[in-house]
**Student:** 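The structure under discussion is supplied below as C-alpha cells; questions concerning it will follow.
These numbers were taken from a predicted model, which means no experiment stands behind them. Below, each value reflects all heavy atoms present in this structure, side chains not excepted, and no hydrogens, waters or symmetry copies.
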Amino acid sequence: EKQAEQAQSFVHNEAGLAAAQRNAAVDCDASNCDAAWALTKRYIEQHSDTPVTRADAVAIDTDVPSGSGKASFSATRAAKGSGATLTLFAQCRGMYGPDSARGSNYDKCAEKILKAQNGYAAYLRAHASGQ
C-alpha cells in the first residue's frame, strides 16, 4: 500500500513540476527586462544551494551541487519582440535514479523546486515595475 501511495505521489509531483516549469517563464518588455533579469539573478542566489558561476546577458547558472538533495538553478533570457522571455530552470542532485525513476531525495527536491519555480513570477511582479 505504501508503494502505491508513493507511486501516486510521484505522478502527482511530476505533473506539478511540469506545471511549475511552465509557470517559471515570464515575458518582459524593453522597459523592464534588464531590471527583471537582475531580479532573476537575485532570486536564484536566494534559492540555490550552490553559488552563481555564470551571469551574463543571456544565461545565469549555478554550480552543480556536490551533495544529494541540493538544488541548483539556471535561467535563460530569450529575445521575443522588443523584450524577452525569462525562464527559470531547476534541478536537484539525487532527485532521479536510473531510467528517471524516483530518487532517494525526490520529495525533498520536488518541494524545493516547486516552491522556487512557482514563486518566481510573483517575485518579479512584486519587485519589478511593469511586470
Side-chain angles (χ1 to χ4, degrees):
E1 188 175 301
K2 184 171 175 144
Q3 261 187 326
E5 198 175 286
Q6 281 183 332
Q8 185 176 6
S9 171
F10 180 71
V11 170
H12 174 75
N13 278 339
E14 286 296 288
L17 287 166
Q21 182 61 67
R22 289 189 298 275
N23 293 339
V26 177
D27 289 333
C28 56
D29 61 38
S31 69
N32 65 3
C33 263
D34 287 343
W37 190 237
L39 286 167
T40 298
K41 181 176 184 267
R42 187 179 319 153
Y43 189 80
I44 287 172
E45 289 169 340
Q46 292 171 357
H47 287 83
S48 181
D49 291 318
T50 59
V52 170
T53 57
R54 172 187 176 188
D56 58 31
V58 296
I60 300 168
D61 294 307
T62 63
D63 206 359
V64 176
S66 58
S68 191
K70 305 278 188 197
S72 64
F73 293 86
S74 62
T76 58
R77 180 177 177 170
K80 180 179 181 182
S82 65
T85 299
L86 310 181
T87 306
L88 178 70
F89 300 94
Q91 60 185 6
C92 193
R93 192 175 194 109
M95 187 166 178
Y96 296 103
D99 301 320
S100 297
R102 177 191 191 98
S104 58
N105 284 302
Y106 183 84
D107 292 333
K108 181 179 175 183
C109 288
E111 184 180 325
K112 284 182 184 180
I113 290 171
L114 288 166
K115 182 179 176 187
Q117 287 190 314
N118 285 327
Y120 174 62
Y123 176 84
L124 290 183
R125 279 193 301 275
H127 294 87
S129 58
Q131 279 297 316

**Student:** Report yes if the side chains of M95 and I113 come closer than 4.5 Å at any heavy-atom pair, otherwise no.
**Tutor:** yes
**Student:** Please answer whether the main-chain N or O of D56 pairs with a side-chain N or O of W37 as donor and acceptor at a distance below 3.5 Å.
**Tutor:** yes
**Student:** Under 3.5 Å, side chain of D61 to main-chain N/O of S74, donor-acceptor pair present?
**Tutor:** no
**Student:** Assess, by modelled atom type and distance only, whether the side chains of T50 and T62 contain a donor and an acceptor separated by less than 3.5 Å.
**Tutor:** yes
**Student:** Parallel, tilted or perpendicular: which describes the rings of Y43 and Y123, with under 30° parallel and over 60° perpendicular?
**Tutor:** tilted
**Student:** Would you say D29's side chain and S31's backbone share a donor-acceptor pair under 3.5 angstrom?
**Tutor:** yes
**Student:** Mind checking whether C92 and N105 have side chains closer than 4.5 Å, heavy atoms only?
**Tutor:** no
**Student:** Side chains of V64 and R93, heavy atoms from C-beta outward: is any pair under 4.5 Å?
**Tutor:** yes
**Student:** Do K112 side-chain atoms and G69 backbone N/O form a donor-acceptor pair below 3.5 Å?
**Tutor:** yes
**Student:** Under a single-linkage definition using a 4.5 Å side-chain heavy-atom cutoff for Ile, Leu, Val, Met, Phe, Trp and Tyr, are Y96 and L114 assigned to the same hydrophobic cluster?
**Tutor:** yes
**Student:** Determine, using the 4.5 Å side-chain heavy-atom cutoff (strictly less than), whether L39 and V52 are members of one ILVMFWY cluster.
**Tutor:** yes
**Student:** For the CG atom of N23 and the CG atom of L17, what is their distance to the nearest 0.5 Å?
**Tutor:** 11.5 Å
**Student:** Ignoring hydrogens and angles, tell me if any N or O in the side chain of Y120 forms a donor-acceptor pair with the backbone of A20 under 3.5 Å.
**Tutor:** no
**Student:** Here's a test for you: under side chain to side chain donor-acceptor pair (under 3.5 Å), which of D34, T85, T40 qualifies with R77?
**Tutor:** D34
**Student:** Do the non-hydrogen side-chain atoms of Q21 and T87 ever get within less than 4.5 Å of each other?
**Tutor:** yes
**Student:** Holding to ring pair (Phe, Tyr, Trp, His ring centres under 6.0 Å), I want the full list of residues that pass it with F89, two or more places apart in sequence or in another chain.
**Tutor:** none
**Student:** Closest approach of C33 and A84, non-hydrogen atoms and distance?
**Tutor:** SG-N, 3.6 Å
**Student:** Look only at the side chain of N13 and the backbone of F10, and say whether a donor-acceptor pair between them is shorter than 3.5 Å.
**Tutor:** no
**Student:** Under a plain distance cut-off of 3.5 Å, with no hydrogens placed, do Y106 and E14 share a side-chain donor-acceptor pair?
**Tutor:** yes
